[in-house]
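By convention here, the first residue in the shown sequence is residue 1. Counting starts at 1 for both ligands and their atoms, in listed order.
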Amino acid sequence: MPHLFSIFLHLLFFKLVAPVTFRHHRYDELVRMLYKVHNECPYITRVYSIGRSVKGRHLYVLEFSDYPGTHEPLEPEVKYVGNMHGNEVLGRELLLQLSEFLCEEFRNGNQRIVRLVEGTRIHIMPSMNPDGYEVAAAQGPDTFGYLVGRNNANGVDLNRNFPDLNTYIYYNEKNGGPNHHLPLPDNWKSQVEPETKAVIQWIRSFNFVLSANLHGGAVVANYPYDKSFEHRVRGFRRTANTPTPDDKLFQKLAKVYSYAHGWMHQGWNCGDYFPDGITNGASWYSLSKGMQDFNYLHTNCFEITLELSCDKFPRQEELQREWLGNREALIQFLEQVHQGIKGMVLDENYNNVANAVISVSGINHDVTSGDHGDYFRLLLPGTYTVTATAPGFDPETLIVTVGPGEPKLVNFQLKRSILQATPKRKAPNSGHRNKVLPKKVQPQAAGKKELKMKQSQRGPA
Ligand SMILES: [Zn+2]
């Protein structure tokens, strides 16, 4: 009898923790699923909407944190965005699976997940293009309409819809000028789609540190820049490796995903070959106005783009295998936010200094402190000269050695400058920051479409 009872308990337990059936979720089902996870884990989750699509569907985010709705100083914010192309649906389903998984494993006391949720604020947006998804889902898998549902309801490709800041930064890299937080054009709101506008306002309102944007149509981890530095040839931008100043770090972030993934790192997928399963975006094909370049150039966030399946709309039967192939990678990537250095920037009276600039000598890309005075600078192991500067304060420079494990805590306490009224002194290691802003750079032919098809029949990912 006790034996039967234990079988009963086992079955009950298994039923409780068994994953949801692997299937596609239409918009209403997706919303129900997010609230289901929230109801199962109310103390560590929050559902919020960042705005609406063209057709009025909410762009929902599920947040995981030990204090949902609150930024805790020194706890980094990370995000996953799925289904930006409405017909690339695997990321959407994987992010729903991930949400269930984080909730269940937290409840089961899985120490790795408990640590992650307690030390990180995780924002998961399963669908950035719910309108496109409904069009693609009405058509279903196994059809020839390969691009049906890719765009939003106004027919716009959202990954070609962000303000183009690359032109400015490529100019600045050569001639001097800011290397971070490049300003938006004055009229940006009228130039972008509702989904893009909502996402831009979202990523400006949180101090995101790390992010991934989930796509389909290939299997590779793609890192910035996406837009080639090279000049145009017959109307197209040339394909050419176009690294950021953080190239080595981005390669590592991409490799963490590809090697933790079931098969991405093998390189041969979908008829393409990518060594280590990673690629610089522009060396694959050049793309303007994409989201990952925008994150890097306008915010503190380091974003990569994950291409996760050859089939953009995999059959339902494939979903479980895909989840098992991606689960570890999705978790390891989140854990990558805990590396490099982080700390507080304070004044002499221990008040927070927001928007202080943190520069690392040898890497021409600065980050800034958030509203709470905390900053996060992802770095590979090594020894660095790090300088904090803020208007009205003397710069402070520290030498820091970063190891491979947890991020090193490096706090700055800035002293009020007595030379405020006198002309600017050049701060040490300040890169190009103090140089005069260049004259207005002419944006590249903005009206021309730059959607460039790959050589294969697949079309853009
Ligand atoms: Zn895509």
Side-chain angles (χ1 to χ4, degrees), residues 24 53 59 79-95 124-137 139 141 143-162 192-193 195-196 199 211-228 239 254 257-258 261 264 269-272 274 277-295 303-314 318 322 326 329-330 333 449-461:
H24 294 290
S53 67
L59 305 175
K79 64 182 157 73
Y80 275 135
V81 176
N83 197 211
M84 178 190 209
H85 289 141
N87 61 333
E88 296 170 14
V89 305
L90 181 60
R92 173 186 177 111
E93 298 307 327
L94 291 177
L95 292 180
I124 296 173
M125 180 155 69
S127 180
M128 183 180 161
N129 184 2
D131 296 349
Y133 178 83
E134 291 303 310
V135 174
Q139 184 191 241
T143 49
F144 295 103
Y146 195 67
L147 296 176
V148 172
R150 174 185 177 88
N151 297 341
N152 77 345
N154 288 334
V156 174
D157 184 334
L158 298 176
N159 209 23
R160 310 289 187 278
N161 189 233
F162 283 75
V192 300
E193 292 299 306
E195 294 88 351
T196 311
V199 165
S211 165
N213 175 12
L214 279 53
H215 286 249
V219 176
V220 65
N222 171 117
Y223 54 90
Y225 293 119
D226 260 338
K227 181 172 177 173
S228 165
T239 289
Y257 199 93
S258 72
H261 185 280
M264 186 184 281
N269 286 298
C270 325
D272 277 319
F274 298 101
I278 68 169
T279 186
N280 172 268
S283 82
W284 183 16
Y285 62 95
S286 181
L287 173 169
S288 273
K289 303 185 175 186
M291 187 159 74
Q292 76 176 6
D293 287 4
F294 181 83
N295 267 270
E303 179 167 281
I304 67 170
T305 304
L306 299 169
E307 304 286 352
L308 294 177
S309 56
C310 305
D311 282 340
K312 293 190 175 195
F313 206 126
E318 305 280 327
E322 291 290 351
N326 281 277
L330 287 165
F333 186 77
K449 266 200 177 167
E450 218 169 346
L451 191 148
K452 186 184 161 191
M453 298 296 227
K454 278 183 56 205
Q455 294 299 313
S456 71
Q457 294 302 307
R458 291 186 186 287

>> Pair Glu322, Glu93 - check side-chain contact (heavy atoms from CB on, under 4.5 Å), show working.
In response: CA-CA 10 Å; Glu322 291 290 351; Glu93 298 307 327; over 6 Å; no

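In terms of distance to the Zn ion (ligand 1), the nearest N, O or S atom of Glu88 is named OE1. As for His215, its N/O/S atom nearest the Zn ion (ligand 1) is the one called ND1. Nearest N, O or S atom of His85 to the Zn ion (ligand 1): atom ND1.
In this structure, Asn152 contributes its side chain and Glu195 its backbone to no donor-acceptor pair below 3.5 Å. Although no hydrogens or angles enter the test, the distance criterion places no donor-acceptor pair under 3.5 Å between the side chain of His85 and the main chain of Leu147.
With a 4.5 Å cut-off on side-chain heavy atoms, Phe274 and Glu307 do not count as touching.
Among the atoms of Gly217, no N, O or S atom is found under 2.8 Å from the Zn ion (ligand 1).
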